[in-house]
Amino acid sequence: MNIRDLVRPEWIRAQLSVSDQNEAIDALSELLERDGVVKPGFRSAVKDRELGFPTGLPTSGTKVALPHTGAEHVYRSAVAIATLVTPVSFRVMGNPDDTVDVRIVFLLAIADRESQVHALSQLVEIVQEEEILKSMLLAPDSTEVHRAITRIIG
């Protein structure tokens with residue numbers, strides 16, 4: 001499994017404004033539900049598990065959240081990405097009093113748990129590349145974001 005096989009340009013949402021983390025999660029999960037990638041309960045499962053304590057990976061200038069959920073809510077593997085012009089705040093896992101400002105949200109819908117780990121490791125590589133993150137935030141459309149991701153993972 002490779003992230004570039006799962007990230008489709010049509011699943012990448014660049015949003016001009018989101019008011020909170022609920023909207024960030026809703027936009028991504030709604031997209032995957034609409035396309036029949038995940039089961040109807042996927043959105044609430046993501047929120048129950050990850051909304052309060054997402055996997056937050058800080059970089060020098062941009063904070064990134066990697067929400068994901070269990071395979072029982074997934075029909076087929078997919079990754080949706082939101083590049084948010086307006087940052088949203090997420091609480092940090094293990095420290096509910098700390099928050100991170102999230103500009104890019106990766107939402108994984110991975111059907112196999114071992115593949116979840118592999119996919120997450122690839123995303124960690126992406127979020128460690130500051131130039132890639134900047135290019136994603138500045139990209140004029142989802143195709144450019146898709147190209148940026150495929151460049152970093154080869």
Side-chain angles (χ1 to χ4, degrees), residues 1-16 18 21-51 53-85 87-88 90 93 100-154:
M1 174 180 290
N2 195 298
I3 289 294
R4 69 175 174 215
D5 298 326
L6 301 176
V7 179
R8 304 291 182 222
E10 61 270 22
W11 287 345
I12 298 172
R13 276 268 180 90
Q15 306 197 15
L16 296 179
V18 291
Q21 62 233 39
N22 282 287
E23 289 186 15
I25 297 298
D26 281 344
L28 293 170
S29 55
E30 179 183 350
L31 183 66
L32 296 182
E33 285 181 21
R34 183 198 72 195
D35 289 347
V37 174
V38 295
K39 300 176 182 178
F42 177 78
R43 185 183 315 195
S44 61
V46 170
K47 286 189 173 183
D48 287 346
R49 175 176 170 177
E50 295 289 346
L51 189 55
F53 306 103
T55 306
L57 299 179
T59 68
S60 59
T62 307
K63 305 299 184 181
V64 178
L66 305 174
H68 56 91
T69 191
E72 64 270 20
H73 300 284
V74 180
Y75 287 124
R76 57 191 175 92
S77 297
V79 176
I81 296 176
T83 57
L84 309 174
V85 175
V88 297
F90 282 80
M93 182 180 292
V100 293
D101 289 332
V102 176
R103 295 291 301 274
I104 300 174
V105 179
F106 298 84
L107 181 62
L108 280 70
I110 308 298
D112 176 70
R113 291 196 184 280
E114 288 186 13
S115 297
Q116 278 187 358
V117 174
H118 180 60
L120 279 169
S121 69
Q122 293 181 66
L123 289 177
V124 168
E125 291 180 34
I126 293 173
V127 302
Q128 290 175 341
E129 294 289 334
E130 189 69 21
E131 291 307 311
I132 294 296
L133 293 180
K134 288 179 181 176
S135 69
M136 291 172 69
L137 287 171
L138 299 174
D141 59 45
S142 62
T143 301
E144 288 302 312
V145 176
H146 184 251
R147 287 180 184 152
I149 295 167
T150 56
R151 278 198 303 272
I152 189 61
I153 61 176

Flag the pair S29 / V38 as yes when at least one side-chain heavy-atom distance between them is below 4.5 Å, and no otherwise. no

dist S135:OG -> R147:CZ (nearest 0.5 Å) comes out at 12.0 Å

Starting at CD of E72, measure out to NZ of K39 and round the result to the nearest 0.5 Å. 7.5 Å

Separation between CZ (F42) and CG (L28), nearest 0.5 Å, reads 9.0 Å

Ignoring hydrogens, what is the shortest heavy-atom contact between T150 and R4? Give both atom names and the distance. CG2-CB, 3.6 Å

With distance as the sole test, does R103 use its side chain to make a donor-acceptor pair with the main-chain N or O of L84 at under 3.5 Å? yes

When every non-hydrogen atom of I110 is compared with those of A78, the smallest separation belongs to CD1-O, 3.8 Å

Mind checking the OG-CD1 spacing from S77 to I3? Nearest 0.5 Å is all I need. 9.5 Å

Atom of D35, atom of W11 and distance for their closest heavy-atom approach: OD2-NE1, 2.7 Å

Has the side chain of S142 got a donor or acceptor atom that lies under 3.5 Å from a matching backbone atom of P9? yes

Determine the minimum heavy-atom distance between M136 and A148, stating which atoms define it. CG-CB, 4.0 Å

So, does N2 use its side chain to make a donor-acceptor pair with the main chain of D5 at under 3.5 Å? no

State, with a plain yes or no, whether a side-chain heavy atom of V7 is found less than 4.5 Å away from one of F106. no

Would I81 and V105 count as a side chain to side chain contact (heavy atoms under 4.5 Å, CB included) here? Give the steps. CA-CA 6 Å; I81 296 176; V105 179; over 6 Å; no

Quick check for you: to the nearest 0.5 Å, what is the distance between I126 atom CD1 and I104 atom CD1? 9.5 Å

I want to check something: taking the side chain as every heavy atom from C-beta on, are V88 and E23 in contact at a cut-off of under 4.5 Å? no

Heavy-atom closest pair (A71 atom, Q116 atom, distance to 0.1 Å) is N-NE2, 4.0 Å

To the nearest 0.5 Å, how far apart are OG1 in T83 and CG in L138? 9.5 Å

Kindly indicate, with the supporting measurements, whether the criterion side chain to side chain contact (heavy atoms under 4.5 Å, CB included) is fulfilled by D26 and K47. CA-CA 9 Å; D26 281 344; K47 286 189 173 183; 2.7 Å; yes

Is the shortest side-chain heavy-atom distance between L137 and K134 below 4.5 Å? no

Taking all heavy atoms of H73 and all of A45, pick out the closest pair and write down the distance. NE2-CB, 3.4 Å

